[in-house]
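Notes to accompany the following structure.
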Amino acid sequence: MPQDLYSVRMRASKAGRHLSGAERIIVPDKIDDVLRAFVARAMERADGPDEVFVKVERLKDGPPRELTALDVVTVNVRDVREGRSAAAVILQKSGVSRSAAETAVRSLAGGPGPSGEIMRGAIIMDAQNGERLEQDRSRGVRVSRFDWSESASVEIDRLLVTAGLTHFRTKEALALATKVAHAPGVVAELCWSDEPDYTAGYAASLKTGYVRFPRLKDPGDTNGGRVFFVDRAVLDLDALMRYLQKEAVLVTATGKCGDAVEPGMNFLHPVGKIEKP
Ligand code: WAQ
Ligand code: MG
């Protein structure tokens with residue numbers, strides 16, 4: 001009889017502003033260690049938090065859905081301009097219009113919240129006309145209840161280290177992007193961190209895999225965020241929200257982690273195998 005699984009979530013804030021968050025799905029034995037690690041991570045920041053919330057919740061809706069991680073490739077862009085335009089090209093290959101891709105880049109660059117601040121969650125954007133569909137424009141939608149399985153976690157660590165990718169952000173973002181890419185109605189995602197010193201980001205979809213760009217912003221820039229592009233023709237917004245926020249996903253298998261490529265190289269391969277539910 002498999003052990004129950006628990007969702008453990010952390011969010012930290014200062015003066016009402018979101019600072020950091022994290023997510024795990026774990027067996028009860030690990031809860032202690034994970035809580036410790038989450039609180040340490042929240043407290044480590046130079047701009048120490050006023051409040052740290054941690055939530056531990058048993059997953060009651062049966063076993064998590066199991067997914068295979070997206071393939072990973074890094075495109076060696078030299079600067080922000082090249083990075084953002086290469087990311088827009090990847091988004092277009094996934095079915096996002098050029099104008100929606102550009103709207104998304106502008107939103108993240110300028111601070112996606114109502115007064116140019118960062119959001120806690122993601123923008124939901126019409127992949128054709130760039131219209132924003134998320135109900136709360138300062139919070140956005142937060143993806144929750146996802147993690148690596150224990151064996152896939154060990155394996156992806158090995159693959160990412162071999163590819164020279166050792167930052168915890170890459171591993172977490174790959175799990176999140178894998179969940180999002182499989183979401184009903186989602187065609188692609190664009191992301192870069194709000195962390196001022198973390199300049200890398202990615203464009204991801206089932207068609208392209210997880211395509212990283214070392215520079216989607218300049219060091220020191222505190223803006224960042226996520227955009228989930230949706231196909232309005234098939235979108236059921238309630239079903240999408242339920243999947244992103246409530247449905248537990250474990251990434252139980254790894255994809256490929258390829259060598260870095262130069263901008264303009266055609267590294268995309270036909271996928272075709274992955275079908276949405
Ligand atoms: N659900 C939805 N949106 C989120 C979530 C979530 N669980 N967590 C963060 N966001 C949004 C929110 O608007 C943040 O401001 C923004 O994303 C960035 O969050 O391969 O670390 O945690 O090395 O700063 C990219 C990795 C790292 C690139 C992204 O994001 C690579 C990262 P951060
Ligand atoms: Mg952050």
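Heavy-atom basis, side chains included; hydrogens, waters and symmetry copies ignored.
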Side-chain touch [X]/[Y], heavy atoms, less than 4.5 angstrom:
X	Y	result
Leu216	Val80	no
Thr222	Ile118	no
Val251	Thr68	no

Between [X] and [Y], which heavy-atom pair has the shortest distance, and what is it?
X	Y	result
Cys257	Ala163	CB-CB, 4.4 Å
Pro49	Leu19	CA-CD1, 3.6 Å
Val249	Tyr243	CG2-OH, 3.9 Å
Ala152	Ala253	CB-N, 3.9 Å
Thr178	Leu70	OG1-N, 3.2 Å
Leu59	Ala248	CD1-CB, 3.8 Å

Sidechain-backbone polar pair: Asp218 side chain, Asp221 backbone, donor-acceptor under 3.5 Å: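 No: the side chain of Asp218 does not pair with the backbone of Asp221.
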Any donor-acceptor pair under 3.5 Å from Asp194 side chain to Asn223 backbone: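 No, because the side chain of Asp194 does not come within donor-acceptor range (under 3.5 Å) of the backbone of Asn223.
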So, [X] versus [Y]: side-chain donor-acceptor pair below 3.5 Å or not?
X	Y	value
Ser149	Thr252	no
Arg226	Tyr202	yes
Tyr198	Thr170	yes
Ser138	Asp136	yes
Lys217	Ser193	no

If you round to the nearest 0.5 Å, how far is [atom2] of [Y] from [atom1] of [X]?
X	Y	atom1	atom2	value
Cys191	Phe213	SG	CZ	12.0 Å
His167	Leu160	NE2	CG	12.5 Å
Leu237	Ile124	CG	CD1	6.5 Å

Thinking salt bridges, do [X] and [Y] make one under a 4.0 Å N-O criterion?
X	Y	value
Glu82	Arg215	no
Glu134	Arg139	no
Arg84	Glu102	no
Glu155	Arg158	yes
Glu172	Arg24	no

When you look at [atom1] of [X], are more than 12 heavy atoms from neighbouring residues, nucleotides or ligands closer to it than 6.0 Å?
X	atom1	answer
Lys14	NZ	yes
Asp29	CG	yes
Asp79	CG	yes

Pair Phe229-Val186, side chain to side chain contact (heavy atoms under 4.5 Å, CB included): steps then yes or no: CA-CA 6 Å; Phe229 296 92; Val186 167; over 6 Å; no
Side-chain cluster (under 4.5 Å, hydrophobic types only) that Leu35 belongs to, other residues: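 Members besides Leu35, by chain and number: Tyr6, Val8, Met10, Ile26, Ile31, Val34, Phe38, Val39, Met43, Val52, Val54, Val56.
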Single hit among Leu190, Val73, Thr208 for side chain to side chain contact (heavy atoms under 4.5 Å, CB included) with Ile90: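 Going through Leu190, Val73, Thr208 one by one, the side chain to side chain contact (heavy atoms under 4.5 Å, CB included) with Ile90 is satisfied by Thr208 alone.
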Qualifying residue, where the test is side-chain hydrogen bond (donor to acceptor under 3.5 Å, both in side chains) with Ser144 and the options are Glu247, Lys179, Gln245, Glu23: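 Only one option passes, and that is Glu23.
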Side chain to side chain contact (heavy atoms under 4.5 Å, CB included) between Glu51 and Arg11, worked out: CA-CA 8 Å; Glu51 291 181 316; Arg11 64 189 165 86; over 6 Å; no
Candidate pair Lys55 and Ser7, rule side-chain hydrogen bond (donor to acceptor under 3.5 Å, both in side chains), full reasoning: CA-CA 8 Å; Lys55 185 160 181 172; Ser7 157; over 6 Å; no
